[in-house]
There are 2 protein chains.
Amino acid sequence: MENELGHADCPVTATIALFDGRWKVMILYVLSKKSRRFGEILVRVPSISKKVLTEQLRELEADGLISRKQYRETSPRVEYALTDLGKSLCPLLIDIAAWKRKYIGSPNQGETKLPD
Amino acid sequence: MENELGHADCPVTATIALFDGRWKVMILYVLSKKSRRFGEILVRVPSISKKVLTEQLRELEADGLISRKQYRETSPRVEYALTDLGKSLCPLLIDIAAWKRKYIGSPNQGETKLPD
DNA sequence: AAAAGTGGTAACCTAAAAGTAACCTTATGG
DNA sequence: CCATAAGGTTACTTTTAGGTTACCACTTTT
């Protein structure tokens, strides 16, 4: 373990802060599959409210992990997508999941899965 | 990005929860250098209070990342150390720091560093 | 005898995050 | 002309993490 973990504003803490929020990892997961509209994300992240989803999307956008594109069509239409930075995070998240499988155990065998 | 991020109780979220807490990463960092007594950690984690340090140590212990050994010597003496599980986490934290350096930038050049 | 160090606990407070429910705007369909 | 849908916003309440201060039990030092 190197010195990099010891700074007053620690890079690990700073990075974790990017996806710190009850639902952010799940939102990133949903978007990693496919760009999605607001309502599609809402349905795929179980039990999140519109308000909190809006907040977390805004934060993810501010941190540069996702993009928001508004299409002025007939009905309002907003598409969210991972940015390149957001995509670069995915392998890291997979490493984290891999650590859990290896050292803690399988990710809760037989639990409910989210729809794609 | 694989399915593993999509479970209702997501392994990534579960893993992050292990070191989610204002000071946990820093505590792990301190202990990664050397086993330490309560008071030694207190001094090395800037501005943490006894209460919060106690809480976070208890949680880290409950999660199996650190061990607590009480020596009934003359004055009370308690040693905290990383467990094997705790040690296994260090490379992961380093990966997270490395991601930040690569995609966000250097870990705040010239900032104050913690004493060892 | 008093003070100081060690590793805490107890009672209390506060700010921020998250949750709930109602409402808004523009547009279309019936 | 009313209802519905999308993508929110507003106002309010609840929950939680973290912080502050005081105190404790025990032992050694002065």
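Below, chains carry the letters A, B, ... as their sequence lines are ordered, and counting in each starts from 1.
- Here the side chains of A:Leu28 and A:Ile66 are in contact, with some heavy-atom distance below 4.5 Å.
- Put simply, CG on B:Leu42 is 10 Å from P on C:dG7, counting in whole angstrom units.
- Checked against side chain to side chain donor-acceptor pair (under 3.5 Å), B:Arg22 has no partners two or more places apart in sequence or in another chain.
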What string of B, S and - do you get for nucleotides 8-21 of chain C, 5' to 3', if B is base contact, S is sugar-phosphate-only contact and - is no contact with any protein heavy atom under 4.0 Å?
-> BS-B------BBB-
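- Protein atom CG of B:Leu53 is 16 Å distant from nucleotide atom C1' of D:dT20, rounded to whole Å.
- In this view, A:Ala81 and A:Ser35, A:Ser67 satisfy the side-chain contact (heavy atoms from CB on, under 4.5 Å) rule, not counting sequence neighbours.
- B:Glu79 is linked by a salt bridge (Lys or Arg N to Asp or Glu O under 4.0 Å) to B:Arg77, counting only residues two or more places apart in sequence or in another chain.
- The distance between atom CD1 of B:Ile41 and atom P of C:dG7, rounded to the nearest whole Å, is 9 Å.
- Summarising the geometry, the separation between CD on B:Glu40 and C1' on C:dG5 is reported as 14 Å, rounded to the nearest angstrom.
- Under the rule for a salt bridge (Lys or Arg N to Asp or Glu O under 4.0 Å), the partners of B:Glu55 that lie at least two apart in sequence or sit in another chain are B:Lys51.
- Between B:Arg37 and C:dG7 there is a side-chain N or O to OP1 or OP2 distance below 4.0 Å.
- With sequence neighbours left out, B:Gln56 forms a side-chain contact (heavy atoms from CB on, under 4.5 Å) with B:Trp23, B:Lys24, B:Ile27, B:Val52.
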